[in-house]
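Here the structure comes first, spelled out in structure tokens, and everything after it is commentary.
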Amino acid sequence: MAVNKKKHWYDYLWIWSIIYFALGFFNILFAWLGMIDFILPLIFAAVGGNKWFCNHMCGRGQLFWVLGRNLKCSRGKPAPKWISSKWFRYGFLIFFLTMFGIMVFQTYLVFSGAGTLRKAIKLFWTFRVPWKWAYNGSIFPDWVAQFGFGFYSLMLTSTLIGLIVMVLYKERTWCSFCPMGTMTQGICKIKAKKGNET
Amino acid sequence: MRKAVNDIDICVACGVCANQCPRDAISIFKGCYAVVDAGKCVGCGLCEKACPAGSIKVLEVENGSK
């Protein structure tokens, strides 16, 4: 943030990012709160035709900025061109949505009784990490917790990827291939085009 | 004159440039890409330094437009 700019309440949403992961560490049901960051950008894009969420409210982007720029944890070097190329952005979006779909399917298996609740999170869609302490039963059925574990895995994995590219390249390199960013920009482009035709 | 110029085909509309601009010369056009107000831009290069996609660059331009 430039020096003279007035600070708004939403400039501190990077704190929310940290709180989110802290809450999910103790109780996985809090992972559901991440749906806010999933749905809100889409509402902004679909209704308002803007990327106001990305531009001002993204706690993750802000966190990368705070760590990368303010705490100097980023090399600040330009990222390779292919990272922000269209094929990689849309390819990553498709991959991400596929993984999201698989996660929802696993939740469905637990819901239908065909699968059992696994108290673990999966990092980088590969490494299973025990996460037993975060759930000891609740008033909700098991599938609610299963979704929590799955969604938390997704959020943590994408943040870790973002942190890696933050260190290696520019602070907010994640933004250049963030699936939410690609999706919302895509929606905005379609809306802008339609607006021009009519 | 040196001004920020944005390549709208590469721009991901993340808005970091607009957040960085000390002159509020950059806005995100309909969530599609960043637009630089050449009248306000002083060519400081803060946006270029922040841009994760490498789409915004400070270049020599004539009469404020490319």
Side-chain angles (χ1 to χ4, degrees), chain A residues 1-6 11 41 44-46 48-58 61-62 64-65 68-69 74 76-81 83-86 89 162 165-166 169-178 180-196, chain B:
Chain A
M1 200 41 67
V3 202
N4 304 324
K5 287 205 175 171
K6 190 179 167 275
D11 290 321
F44 273 91
N50 62 53
K51 293 229 319 167
W52 211 84
F53 187 91
C54 292
N55 302 160
H56 303 281
M57 293 183 79
C58 180
Q62 289 174 14
F64 294 150
W65 191 259
R69 182 62 68 97
S74 171
K77 296 264 189 277
K81 281 249 180 293
I83 283 190
S84 49
S85 67
K86 286 208 167 64
R89 293 181 69 200
V165 289
M166 173 203 81
Y169 308 117
K170 298 261 171 145
E171 297 83 357
R172 281 179 68 160
T173 299
W174 166 256
C175 300
S176 63
F177 63 99
C178 169
M180 290 314 298
T182 308
M183 243 190 307
T184 50
Q185 191 187 21
I187 293 168
C188 287
K189 278 187 173 172
I190 293 167
K191 270 190 81 101
K193 221 178 202 175
K194 272 193 181 155
N196 280 346
Chain B
M1 249 189 304
R2 288 175 68 76
K3 302 272 181 192
V5 179
N6 187 28
D7 183 341
I8 62 169
D9 281 331
I10 305 173
C11 183
V12 296
C14 66
V16 186
C17 51
N19 285 341
Q20 281 300 292
C21 182
R23 304 260 305 161
D24 284 327
I26 308 176
S27 54
I28 306 298
F29 176 74
K30 290 183 177 177
C32 298
Y33 47 79
V35 178
V36 182
D37 182 340
K40 285 185 192 168
C41 179
V42 289
C44 69
L46 283 176
C47 52
E48 181 178 346
K49 203 177 164 217
C51 179
S55 76
I56 200 158
K57 289 199 166 75
V58 177
L59 301 171
E60 194 67 36
V61 292
E62 287 165 29
N63 306 323
S65 61
K66 198 158 69 152

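Naming: A, B, ... by sequence-line order, numbering from 1 per chain.
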Fill in the blank from the handout: Ranked by heavy-atom pairs below 4.5 Å to chain B, first place among G49(A), C54(A), A45(A) goes to G49(A)

Practice task
Mark yes or no for whether N19(B), through its side chain, and H56(A), through its backbone, hold a donor-acceptor pair below 3.5 Å.
Solution key: no

Practice task
State whether the side chain of K189(A) and the backbone N or O of K30(B) hold a donor-acceptor pair below 3.5 Å, judged by distance alone.
Solution key: no

Handout entry: Derivation of the side-chain contact (heavy atoms from CB on, under 4.5 Å) call for V16(B) and E171(A)
Key = CA-CA 10 Å; V16(B) 186; E171(A) 297 83 357; over 6 Å; no

[atom1] of [X] to [atom2] of [Y]: how many Å apart, nearest 0.5 Å?
{"X": "R69(A)", "Y": "Q20(B)", "atom1": "CZ", "atom2": "CD", "result": "5.5 Å"}
{"X": "Y33(B)", "Y": "C188(A)", "atom1": "OH", "atom2": "SG", "result": "12.0 Å"}
{"X": "C32(B)", "Y": "I187(A)", "atom1": "SG", "atom2": "CD1", "result": "11.5 Å"}
{"X": "K51(A)", "Y": "C14(B)", "atom1": "NZ", "atom2": "SG", "result": "7.0 Å"}

Completion exercise
So, the part of K170(A) with a heavy atom under 4.5 Å from chain B: the answer is side chain

Problem - Toward chain B, the part of K191(A) with a non-hydrogen atom under 4.5 Å - result: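 For K191(A), there is no contact with chain B at all, as no heavy atom is under 4.5 Å.
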
Handout entry: Engaged part of A13(B) at the chain A interface, taking heavy atoms whose separation is under 4.5 Å
Key =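 For A13(B), heavy atoms of backbone and side chain both lie under 4.5 Å from chain A.
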
